[in-house]
Number of protein chains: 2
Amino acid sequence: MRVDILTKSENLEVQKEIISKLRDLINYKNLEPGDKLPSERMLSEKFEVSRSNVREVIQKLEFFGILKSRPQSGTFIADIGQIAMSGMMDDILRLEDPDFKSLVETRILLELKTVRLASLRRTEEDLEKMRQALDAYKEKVLNGQDAVQEDLLFHLAIAQASKNTTMNTFMLIITPEIITNFEKYHVCDANLSFKGIQEHEDIYNAIKDQDPKKAKEKMKTHFKILYQYCYNV
Amino acid sequence: MRVDILTKSENLEVQKEIISKLRDLINYKNLEPGDKLPSERMLSEKFEVSRSNVREVIQKLEFFGILKSRPQSGTFIADIGQIAMSGMMDDILRLEDPDFKSLVETRILLELKTVRLASLRRTEEDLEKMRQALDAYKEKVLNGQDAVQEDLLFHLAIAQASKNTTMNTFMLIITPEIITNFEKYHVCDANLSFKGIQEHEDIYNAIKDQDPKKAKEKMKTHFKILYQYCYNV
DNA sequence: CAAACCAATCTGGTTAACCAGTTTTTGATT
DNA sequence: AATCAAAAACTGGTTAACCAGATTGGTTTG
């Protein structure tokens, strides 16, 4: 799975402009799945932008699975059909940067699932990794240090144990933004982390015992406090 | 949010190699958040790879929020801390391409949530868009045509109405792969689509009536058949 | 001695040239 | 007219040169 895409603010507007024009072109020419797009050079000339800009957009749409480019051959429309493509392009154009609330909402949803799956599918190796993350977390907290990072690593270990690569990827995508926001708003202060040790232990034990119901329950209580914190921001 | 990242099979190995070396370098030099990485040129020389390769990796890690590059200045370690960064790099190295089962599992999880949120937050404009997608779907099915794309567009409209940009993005990411797999395995045949019309109508009405419980329930029954199909592949 | 200035240097970003396959056209041959 | 080899044109990918802004260290100046 790819993960690219430029984030430069100015560039983003240019990209949207190109995506929009490209969508119109595809509709106008009635290009169908499998059809070849005009070459990058031609598009850059037609849209009056640099070839780099065109390449960025193509790579972005390739990430979203809309286009496929073949070396020394051309860029082709993926097998998802014209309607789906046009609709998806609209959605991509409409996409905004995620807000904190949206991130937390998604994280909670994902984690309540990964913890359940982890308790069903975890291997001994997974357990070992979670144990290490948990110990690192405990040590930091008991020394009165900030432990947001170790906290998240424990949760990432759970995601990995869930054996669902898609959810694992998504957790990785949202984690850094979660961390920065947490540190920014001081979501986790010392005594909260202290409380977190027991909660983490509970989650770990439930996964170890392969008790999905209990695991989910413990994760829920773990998030209850975080949830309140986040919505008080 | 960015979405890049190259997917070329050969390149991917090179990228992993560089990520691994970069992680070792950061650990060895004890680089902390905010610290500046060596320049791209220096890294490409040190790792004996092209500067393009280094740039690709940096962009990838930037997408995951681990690095931040400032024009005419340098690439810096994001404010997520060394431990989190090292751990995340390990996870990224371990990431595999998503399998179909993982995709479906994630899709169901996301949609059971977005449909609930949509029924709570939908505007009249959202309703209109879903209505259009639904009508396009109906028309295709009643003419005996394949309607996988229109199906997915309806679901994307729901994701958009959920007002959760993160989930919306994630739905967009997995949709194309879902479509190709569906068409590949012929998950949706004609009579299944026929049944789908009523299910879609039910979902639409529940969202219109702002009844989250019913909406989720209807989505669940909608997925029940798909679920069986997917696990029979 | 500190502050202000300035030029050399270094940075990521951008552009243009180049490369190695692919595709299409061409034209000689049968 | 059909065939097929060869070459010209075109493709996305890669590399190297270039750019403008940021940084840095030394020098000058008050």
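Chain naming here is simple, since letters A, B, ... match the order of the sequence lines and numbering starts at 1 in each.
Taken residue by residue, residues 22-43 of chain B places heavy atoms nearer than 4.0 Å to DNA chain C at B:S39, B:E40, B:R41.
Atoms CD1 and CE, on A:I92 and A:M88 in that order, are 4.5 Å from each other to the nearest 0.5 Å.
Checked against side-chain hydrogen bond (donor to acceptor under 3.5 Å, both in side chains), B:N168 has no partners two or more places apart in sequence or in another chain. Remark: B:Q145 pairs with B:K140, B:N143 by the side-chain contact (heavy atoms from CB on, under 4.5 Å) rule, at least two apart or across chains. A search for side-chain hydrogen bond (donor to acceptor under 3.5 Å, both in side chains) contacts involving B:K113 returns nothing, not counting sequence neighbours. With sequence neighbours excluded, the residues forming a side-chain contact (heavy atoms from CB on, under 4.5 Å) with A:I158 are A:T114, A:V115, A:A118, A:M130, A:F154, A:I203, A:I207, A:M219, listed by chain and number.
Within 4.0 Å (heavy atoms only), A:S69 reaches sugar-phosphate atoms of the nucleic acid but no base atom.
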Distance-only check: which donor-acceptor pairs under 3.5 Å involve side-chain atoms of residues 30-37 of chain A, not counting sequence neighbours?
| from | atom 1 | to | atom 2 | distance (Å) |
| --- | --- | --- | --- | --- |
| A:D35 | OD2 | A:E32 | N | 2.9 |

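Atom CD in A:E56 sits about 10 Å away from atom P in C:dG13, given to the nearest Å. For the pair A:Q72 CD and C:dG21 C1', the computed distance is 4 Å after rounding to whole Å. Rounded to an integer number of Å, the gap from CD of A:E45 to C1' of D:dT11 is 16 Å. Summarising the geometry, the separation between CD on A:E48 and P on C:dT15 is reported as 14 Å, rounded to the nearest angstrom. B:L61 has its CG atom 14 Å from the P atom of C:dG12, to the nearest Å. Between the CG atom of B:N53 and the P atom of D:dT15 there is a distance of 7 Å, given to the nearest Å.
Side-chain nitrogen and oxygen atoms of B:S50 include none within less than 4.0 Å of the OP1 or OP2 phosphate oxygen of D:dT14. For B:S73, no side-chain nitrogen or oxygen approaches OP1 or OP2 of D:dG21 to under 4.0 Å. Dashed line: the shortest gap from a side-chain N or O of B:R55 to OP1 or OP2 of C:dG13 is under 4.0 Å. Between B:T75 and the phosphate of C:dT11, there is no side-chain N or O to OP1/OP2 separation shorter than 4.0 Å.
Toward the 5′ end of DNA chain C lies the nearest nucleotide of A:S52, the other residue of the pair A:S52 and A:R70 mapping further downstream.
Looking only at atom types and distance, the side chain of B:S44 has no donor-acceptor partner in the side chain of B:S50 under 3.5 Å away.
The side chain of B:R51 has C:dT14 as its nearest neighbour among D:dT15, C:dT14, D:dG12.
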